Amino acid sequence: MIRVLIADDQPLVRRGLALILAPDPAFEVVGEAEDGARAVALAHELRPDVVVMDIRMPVLDGVRATEELARTLPESRVLALSTFDMDEYVVAALRAGAYGFLPKDISPEELIAAVHTVHTGEAAVAPRLLTRLISTYVRSPARPRPAPTAPDGLTPRELEIWQLLASGLDNAEIAGNLEISVSTVKNHITGVFTKLGVRDRAQAVIAAYESGLVAAGRRSG
């Protein structure tokens with residue numbers, strides 16, 4: 001069972017998130033916190049596996065709370081939430097140690113899947129936000145963009161799927177774009193991850209920017 005702590009300054013949001021997770025036998029909602037300081041204190045007391053953390057909260061904001069938990073209680077992994085798709089706090093939360101970021105308008109199914117993903121130690125970022133987040137995170141104006149390169153052994157189809165993945169498309173959108181099945185896309189992505197030596201989608205996107213396959217601030221295709 002995955003033990004979850006919910007931190008949000010709005011009682012209705014906390015209750016709504018709890019009502020989404022609690023009925024699933026895979027989860028146990030062990031506590032709720034109304035600000036970042038309370039979230040840190042409860043995390044040390046309750047030792048949750050995942051902390052669903054609002055970014056903007058009083059007393060101690062979600063970024064600083066995430067940084068504190070990453071430093072003192074790294075086994076409690078943070079999934080950051082925000083009302084806004086992109087602001088200065090999102091990248092700050094990832095740098096502080098959050099394992100993922102989602103907007104609050106996600107579906108219940110997406111939230112459940114993200115908590116599972118974060119619990120396994122992988123990155124969980126909404127596909128529509130992944131490109132903007134990672135391009136902001138890896139952008140370095142002082143560093144020239146290298147010529148496009150690809151690891152030896154990557155097939156033309158894998159290279160194509162890697163580029164579409166890095167442009168922000170999810171598996172279903174890649175499948176539709178290439179007119180192949182979602183299961184085939186998943187198989188190719190597994191091959192891409194293996195050949196790139198990356199753990200997850202976020203790392204694959206970073207590799208795409210660093211290799212020059214895609215440029216920051218531009219969608220491919």
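Since this is a predicted model, take the numbers as computed values, not measurements.
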Hey, any chance V118 and V51 share a hydrophobic cluster, counting ILVMFWY side chains that come within less than 4.5 Å of each other, even indirectly?
no

Donor-acceptor under 3.5 Å (D54 side chain, M57 main chain):
no

dist L79:CG -> T117:OG1 (nearest 0.5 Å) comes out at 9.0 Å

Rounded distance [0.5 Å steps], CE in M53 versus OG in S82
13.5 Å

Transitively linked via ILVMFWY side-chain contacts under 4.5 Å: I161 with L169?
yes

Could you tell me whether the side chain of E160 reaches within less than 4.5 Å of the side chain of R157, counting heavy atoms only?
yes

Under a 4.5 Å cut-off applied to non-hydrogen side-chain atoms, are D9 and R56 in contact?
no

Sorted by first residue and then second, give each salt bridge (Lys or Arg N to Asp or Glu O under 4.0 Å) pair with at least one member in residues 180-192; sequence neighbours left out.
none

Using the test side chain to side chain contact (heavy atoms under 4.5 Å, CB included), find all partners of A80 that sit at least two apart in sequence or belong to another chain.
I55, A93, A98, F101

Residue set satisfying side chain to side chain contact (heavy atoms under 4.5 Å, CB included) with D49, at least two apart, ordered chain then number -> I2, R3, H119

Linking I/L/V/M/F/W/Y whenever any side-chain heavy atoms sit under 4.5 Å apart, do V59 and V63 land together?
no

Are L60 and L46 linked, directly or through other ILVMFWY residues, by side chains that come within less than 4.5 angstrom of each other?
yes

4.5 Å side-chain heavy-atom contact, V4 and P48:
no

Pair R64 + D61, salt bridge at N-O below 4.0 Å:
yes

Distance, nearest 0.5 Å, that separates CG of L165 from CG of D170
9.5 Å

ring-ring contact (aromatic ring centres under 6.0 Å, His included) contacts in which one or both residues fall within residues 171-191, not counting sequence neighbours:
none

Cut-off 3.5 Å, no hydrogens considered: what does the side-chain donor-acceptor table look like for residues 12-33, sequence neighbours left out?
unit_1 : atom_1 : unit_2 : atom_2 : d
R14    : NH1    : D8     : O      : 2.7
R15    : NH2    : E32    : OE2    : 2.5
D24    : OD1    : A26    : N      : 2.8

For N171, the side chain to side chain donor-acceptor pair (under 3.5 Å) test, sequence neighbours excluded, returns R201

Are side-chain heavy atoms of E109 and I112 found at a separation under 4.5 Å?
no

Report yes or no: does E110 contribute a side-chain atom to a donor-acceptor pair with the main-chain N or O of S107 at less than 3.5 Å?
yes

Sequence neighbours excluded and cut-off under 3.5 Å, please list the side-chain donor-acceptor pairs for residues 174-185, or say none.
unit_1 : atom_1 : unit_2 : atom_2 : d
S181   : OG     : S183   : OG     : 3.0
S181   : OG     : T184   : N      : 3.1
S181   : OG     : T184   : OG1    : 2.8

Taking a hydrophobic cluster as the set of Ile, Leu, Val, Met, Phe, Trp and Tyr residues connected by side-chain heavy atoms closer than 4.5 Å, whether directly or through intermediates, do L81 and Y99 fall within one such cluster?
yes

Please step through side-chain contact (heavy atoms from CB on, under 4.5 Å) for the pair V115 and V52, ending with a clear verdict.
CA-CA 8 Å; V115 174; V52 179; 4.3 Å; yes

Sequence neighbours excluded, which residues qualify as side chain to side chain donor-acceptor pair (under 3.5 Å) partners of E34?
none

Which pairs would a plain distance check flag for residues 67-75, meaning a side-chain donor or acceptor within less than 3.5 Å of a matching protein atom at least two apart in sequence or in another chain?
unit_1 : atom_1 : unit_2 : atom_2 : d
E68    : OE1    : R71    : NH2    : 2.9
E68    : OE2    : R71    : NH2    : 3.0
T72    : OG1    : H44    : NE2    : 3.0
T72    : OG1    : E68    : O      : 2.8
E75    : OE2    : R47    : NH1    : 3.3

Donor-acceptor contact present, side-chain W162 to main-chain V192, <3.5 Å
no

From T155 OG1 over to E158 CD, what is the distance, rounded to the nearest 0.5 angstrom?
3.5 Å

All heavy atoms of A114 vs all of L102, minimum pair found to be CB-CD1, 3.3 Å

